[in-house]
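One structure, pasted below without further comment.
We count ligands from 1, going down the list as the structure has it; atoms in each ligand are counted the same way.
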Amino acid sequence: MAISEGKRGLAHGSVTDLLALVTDMALPTLSKGVLRRRPRVVGLLENTGTEARGIRRLQALRQKYAGQAVLLSAFGRKHLILTDPAQVQYVLQQTPALFQSSSDEKTSALAHFEPGVSLVSDGTERQTRRNFNAEVLDEGCPMHSLSGPFRQVVRHEFGGLLSALQRGDDTHLSWEHFEAAWNRVIRCILLGTPARDDDALTAMLNKLRETGNWAFLHPGRKRLRRKFHDALQTHLDHADPSSLAGLAAQSPAQSKARPSDQFTHYMFAFDPGGMATFRALALLAAHPETLQVVRARLASGEDHADPLLRATLLESLRLWSTTPVILRQARIDIDWRGDTLPAKTQVVIYAPFFHRDDETLTEAHSFAPGLWPEGRVLRDTRFVPFSDGDGICPARDLVLMTGAMVLAELLGTHTAALQDPKRLDASRPLPPTLDNYTLAFHLTAA
Ligand code: HEM
């Protein structure tokens with residue numbers, strides 16, 4: 001794999017570059033909360049359009065250093081900022097051989113609630129845990145082996161929600177209602193029906209994630225962590241056969257894979273899945289011609305709409321990355337086209353730049369489901385909503401399947417309009433941030 005044909009070596013960034021990146025990229029990303037979003041900050045970022053600055057900053061850096069990756073030093077640590085999709089693919093494809101997924105920063109943040117998750121494991125432990133996750137999550141299968149029961153869960157929860165909210169022909173759908181139904185679906189998918197109403201479990205994890213936002217700056221909440229894992233383990237022991245816990249119980253790898261830590265991550269990571277689905281609904285509401293195509297396809301059978309719904313979800317993730325920063329750490333001194341990238345350098349992939357770089361991508365700020373033929377996750381491209389290489393998200397198909405089922409349930413019987421259409425005007429560049437917490441819809445039975 002080549003690192004950006006025709007461009008050589010590493011550029012050494014200045015202190016001014018560092019300060020500009022901290023201001024325009026790092027601070028907005030950290031302040032909105034890396035592991036658990038802070039709704040008020042997300043709202044502020046949408047209102048001020050601040051996140052566009054991170055993309056512009058990286059464009060300026062690319063121009064200044066002719067597309068070389070830029071090495072910076074901060075607080076005694078070296079950081080490599082990637083500015084070219086070929087560099088991104090090189091780093092992701094060379095994980096775990098040359099680059100570790102378990103960067104120090106990621107490890108200290110996730111240690112607050114899931115120290116044994118595959119994402120921050122290394123060596124044979126990582127392999128065992130990754131294999132376990134791939135097996136339970138049915139990695140690479142567009143329809144999970146439990147898609148039948150999962151569809152029933154979605155029907156029950158979102159069909160029920162629509163009936164509960166209906167006032168005459170009009171249904172008002174807010175994030176609060178959507179999130180509550182989404183969380184019930186997720187607990188059933190992960191842990192089975194007995195976990196459906198265990199809101200306390202989700203609340204405990206959310207608190208731990210808030211702590212994780214502070215990484216090593218927070219001493220941790222050991223008692224809460226123990227309480228959460230005890231409660232989770234009780235559900236795992238029950239092993240409802242129509243849930244992922246049931247599959248995990250049959251896995252030969254389960255004794256070595258620390259299932260409780262893997263399931264903690266599953267639960268945590270389905271949260272951005274809900275945000276992406278709600279924003280995908282907003283994209284469809286703002287693009288009535290695509291919404292009409294979706295509804296016509298739904299009318300001729302849910303499966304006909306599935307690829308377009310998945311492409312819409314992928315667009316939601318391209319436009320508003322739920323994992324804006326992917327981190328890797330150089331394992332050893334690495335030869336970077338004639339220069340040396342020092343061991344332990346943290347490599348930073350700022351996904352919004354690669355997804356919405358309007359100097360190189362015509363569709364940067366518009367809704368373009370055609371970028372995702374057949375609604376499939378692309379490999380070896382500039383788009384990395386689920387990462388790539390060995391560290392790619394093993395739940396990418398499950399997430400898209402679940403989100404598409406929810407959208408199908410809502411749109412099979414209703415049309416959707418944004419309560420405030422100005423938030424997403426299809427005739428203008430789509431905003432750099434879309435605050436899911438304050439989005440609301442009118443759903444009309446049709
Ligand atoms: C919108 C939803 C999601 C997105 C955008 C997403 C994205 C990602 C990304 C970008 C990574 C790589 C992170 C890194 O290398 O630092 C990742 C890893 C991972 N994701 Fe997801 N994810 C989502 C939902 C889920 C869900 C629902 C699950 C489980 C049910 C899951 C399980 C995992 C696991 C286990 C890993 C670690 C892979 C490894 O071993 O390295 N993700 N995800």
Asp104 and Lys344 ion-paired at < 4.0 Å: yes
Metal site atom 21 (Fe) of ligand 1: N/O/S of His265 inside 2.8 Å: no
Distance from atom 39 (C) of ligand 1 to nearest protein heavy atom, with residue and atom: Arg130 NH1, 3.0 Å
Pro272 neighbourhood, listing ligand 1 atoms whose heavy-atom distance to it stays under 4.0 Å: 1 (C)
Arg184 with Asp199: basic N within carboxylate O range, under 4.0 Å: no
Ligand-side contact atoms (ligand 1) for residue partner Ser387, heavy atom cut-off under 4.0 Å: 10 (C), 12 (C)
Per-atom contacts, ligand 1 versus Thr323 - under 4.0 Å to a heavy atom: 7 (C), 10 (C)
Lys106 side chain to Ser101 backbone, donor-acceptor under 3.5 Å: yes
Geometric N/O contact Thr322 with ligand 1, under 3.5 angstrom: no
Nearest non-hydrogen protein atom, atom 35 (C) of ligand 1: Asn133 ND2, 3.4 Å
For ligand 1, the portion of Leu137 having any non-hydrogen atom under 4.0 Å away: side chain
Top protein contact for atom 28 (C) of ligand 1, by heavy-atom distance: Ala395 CB, 3.2 Å
Top protein contact for atom 25 (C) of ligand 1, by heavy-atom distance: Ala269 CB, 3.2 Å
Ion pair Asp306/Arg310, N-O distance below 4.0 Å: yes
Protein contact to atom 4 (C) of ligand 1 [nearest heavy atom, distance to 0.1 Å]: Phe386 CE2, 3.5 Å
Ligand 1 contact on Arg328 by region, counting heavy-atom pairs under 4.0 Å: side chain
Residue, atom name and distance, where the atom is the protein heavy atom closest to atom 19 (C) of ligand 1: Pro394 CD, 3.7 Å
Ion pair check, Arg331 and Asp122, cut-off under 4.0 Å: yes
N or O pair under 3.5 Å between Ser118 and ligand 1: yes
Close approach of Lys106 to ligand 1, heavy atoms, under 4.0 angstrom: yes
Cationic tip of Arg36 above Trp214 ring, under 6.0 Å, 45° of axis: no
From CA spacing to verdict: salt bridge (Lys or Arg N to Asp or Glu O under 4.0 Å), Lys32, Glu51: CA-CA 11 Å; Lys32 74 177 170 181; Glu51 286 192 288; 2.8 Å; yes
Contacting atoms of ligand 1, where contact means under 4.0 angstrom from a heavy atom of Leu119: 13 (C), 14 (C), 15 (O), 16 (O), 37 (C), 40 (O), 41 (O)
Mode of Pro385 contact toward ligand 1 - side chain, backbone, both, neither (heavy atoms, under 4.0 Å): backbone
Carboxylate-amine/guanidinium proximity below 4.0 Å for Glu359 and Arg62: yes
Close side-chain approach of Arg376 to Leu400, heavy-atom, < 4.5 Å: no
Min N/O separation Tyr266 to ligand 1 under 3.5 Å: no
Under-4.0 Å salt bridge between Glu105 and Arg77: yes
Min N/O separation Arg126 to ligand 1 under 3.5 Å: yes
Sub-3.5 Å N/O-N/O distance, Asp390 and ligand 1: no
Contact atoms of ligand 1, heavy-atom distance to Gly273 under 4.0 Å: 1 (C), 2 (C)
Evaluation steps, ring-ring contact (aromatic ring centres under 6.0 Å, His included), between Phe353 and Tyr350: CA-CA 6 Å; Phe353 169 64; Tyr350 185 59; 7.8 Å; no
Protein contact of atom 21 (Fe) of ligand 1 - nearest heavy atom, named by residue and atom, plus distance: Cys393 SG, 2.4 Å
Salt bridge flag under 4.0 Å for residues Arg209 and Asp271: yes
Under-4.0 Å heavy-atom contact with ligand 1, by part of Met275 that carries it: neither
Ligand 1 atoms in contact with Phe270 (distance to a heavy atom under 4.0 Å): 27 (C), 30 (C)
Ion pair Arg196/Glu157, N-O distance below 4.0 Å: yes
NZ/NE/NH1/NH2 to OD/OE distance under 4.0 Å, Glu315 and Arg318: yes
